[in-house]
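All ligand and atom numbering here is 1-based and tracks the order in the structure.
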Amino acid sequence: MPLSPGPFTGRTITSLAQDLREGRTTAVELAEQALEAIAERDPELGAFVTVDADGALAAARRADAELDTGTYRGPLHGVPVGVKDLFMVAGLPATMGSRHFAGYVADSDAESVTLLRRAGAVVVGKTTTHEFAYGPTGDRSANGPSRNPWDPERMSGGSSGGSAAAVAAGLVPLALGTDTGGSVRIPAALCGIAGFKPSYGAISAEGVFPLARSFDHVGVLAGDEQDCLLAYRCLASAQLREDPGPSRVAWLDPSELFDGDPRVVDAVRAAAESRLARSGLDEVRLRAGLGEEFRETYTVIQSCEAVAVHAARMAQAPELFDPELLERLRTAAEVPGWRYVAAVAARSRLAEAAAALFERHDVLALPTVPITAPLLQQRETEVDGRTVAVRPALLAMTSLWNVLGLPALTVPAGTVDGLPVGLQLVCRPGRELRLFQAAGMV
Ligand SMILES: NC(=O)CC[C@H](N)C(=O)O
C-alpha cells in the first residue's frame, strides 16, 4: 500500500458524485480536502508543481452553486483533478518541467482542460512532468522528481509521474497525463493505479506541449478503470463505439519484447488469468525480431520529431536543459533523415503484422512494465541476476502500441517485493470500450 492514505484513497468518482448529489459533501469540501492533503503530503512526494487554491475554490463554489439550482454536469461535477504540467491551463504557469519555460504562464486552456471544466471538474493544480516529457523515469524535472507513494526513495515512473503519484497518494481522484511511449501507463503501473490512453487522436492534444507528434496521446489516470472510463467519456472527441458481447482475450507472451523480472511477469499473468479468464487464457506470440523492429521504428521517429521541437533551444540555450536530456537530444539529432523516412514506411508494415495478432482476439493482455519501480536516478538495475538498463525496461511493453496508435489500459495487478505491478490491455483502434469491458469481467 502507499505509505499513507489521502482523502481520495478508496473513493471512486462514482461514489464522490453520489455523495455530492445527495448532499453528503460539497465541491468546496472536496477541493479543501485535496488542497490540505497536498499541503501536508506533497513536500515529500513532489507530485505538484503549481497549486491553484484560489482558482480551485472559486471553481468549486461555482459547481456548488450550480448544484443548488439543479444544474448537474455529470459524474465529474465538483471533482478535483490534477493536470500534468505539459498542458496549458489559462492563468497558470506551464513549465513542461524545464528551466526553458521558467516564468511562462499559459493564456488559454488546452482543449482537454476545457472539456474537463465543461464536465464540472475542478482543476487544483499542475503535476510534475519529466522535462519535456522526454523520459519514462519521472525523475529529471526542473521542479525536482516526483516520488513513488509506495516508497518515496523510488521513482514514480514518467513522464506523467506527478499525476500518478497524486492519484496513488489519494491527493486527487483523477489526473490528466500524456503518453508518447508509455508515459501514462508506466507511472500508473509503478504507482499501483489505473491509466488509460485511447486511440491516437481520440482525445485532442491541442494546447499540449509536444514530444513527438506522431506518437503523442492524451490520457487519464485514476484509482480504477471505471473512473478512467468516466473521464474518457467526457474527453473523447467522437461518440464511443459500444461493442456488444464479451471480448476474446489472449495473453501476449512478453519475452520477445523484454527479458523482464520473471516474478513480475508471473504476477501479472496470474492477475490476468483470475481477472480475465473463465477457463484459461489463449496465448499469442510476436514473431521473432518484431520487438526489435518496433523499438527501432519508435526510437527513430521519436528522436527526429523531438529534435524538430527542440532544435532552436538546443542551439540557443543548451545549458538550460537537464544534462541527461541534452545528451539524449544530441544523440537523437544524429539520426539521419533517411532513417526517419524508412521508419515511417516500416510503421505501416508493423500495423499489418499487429493486425494479425487481433485476427482471433479482441484484447491482448501483457505486463505494463516488466520490472518494479527502480530507485530515483537509478539507470541500471538488477533483474533476476542480470544488469538491465532502466529506460528500455520501462518502455519495452508500452511504446509499440504508440507506434500503432492503439488504445491501451493498465490496471493494478498485485505487488512484487511490496511494490505494485500493472496488467496492460490493448485492442484495435476505436474499440476502447473492449478494454473496459475486459477489465471488468470477473
Ligand atoms: N513520454 C513518454 O511517453 C515516455 C518517454 C519517452 N518516450 C522516452 O523515450 O523516454
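At a cut-off of 3.5 Å, with distance as the only test, no side-chain donor of Q226 or T14 sits close to an acceptor on the other residue. Residues E380 and T387 have side chains that never bring a donor and an acceptor to within less than 3.5 angstrom of each other. Judged purely by distance below 3.5 Å, without hydrogens or angles, the side chains of T368 and R185 never pair a donor atom with an acceptor atom. For the 3.5 Å distance criterion, the side chains of K84 and S163 fail to qualify, holding no donor opposite an acceptor.
For the pairing with R428, the side-chain contact (heavy atoms from CB on, under 4.5 Å) check across V363, D362, L404 returns one residue only, D362.
Atom 5 (C) of ligand 1 has its closest protein heavy atom at G135 N, 3.5 Å. With hydrogens left out, the protein atom closest to atom 7 (N) of ligand 1 is Y298 OH, 2.3 Å, a heavy atom. At the shortest separation from atom 10 (O) of ligand 1 among protein heavy atoms lies R328 NH1, 2.8 Å. At the top of the distance list for atom 6 (C) of ligand 1, counting protein heavy atoms only, stands Q302 OE1, 3.3 Å. In this structure, atom 3 (O) of ligand 1 lies nearest to the protein heavy atom G181 N, 2.5 Å.
Listed by atom number, the atoms of ligand 1 under 4.0 Å from S183 heavy atoms are 1 (N), 2 (C), 3 (O), 4 (C), 5 (C). Atoms of ligand 1 found under 4.0 Å from any heavy atom of A133 (numbered from 1 in listed order, with element): 1 (N), 2 (C), 5 (C). Counting atoms of ligand 1 from 1 in the listed order, those under 4.0 Å from a heavy atom of G182 are 3 (O). Close approach to S159 involves these atoms of ligand 1, each under 4.0 Å from a residue heavy atom: 1 (N). Heavy-atom proximity to T180, at under 4.0 Å, picks out these atoms of ligand 1: 1 (N), 2 (C), 3 (O). Atoms of ligand 1 found under 4.0 Å from any heavy atom of L211, numbered from 1 in the order shown, are 1 (N).
Of all the heavy atoms of I186, none lies under 4.0 Å from any atom of ligand 1, so neither backbone nor side chain is involved.
Rounded to the nearest 0.5 angstrom, L86 CG and S160 OG are separated by 8.0 Å.
Salt bridge absent: R295 and E256 never bring a charged side-chain N and a carboxylate O closer than 4.0 Å.
Judged purely by atom type and a 3.5 angstrom limit, D282 has no side-chain atom pairing as donor or acceptor with the backbone of A250.
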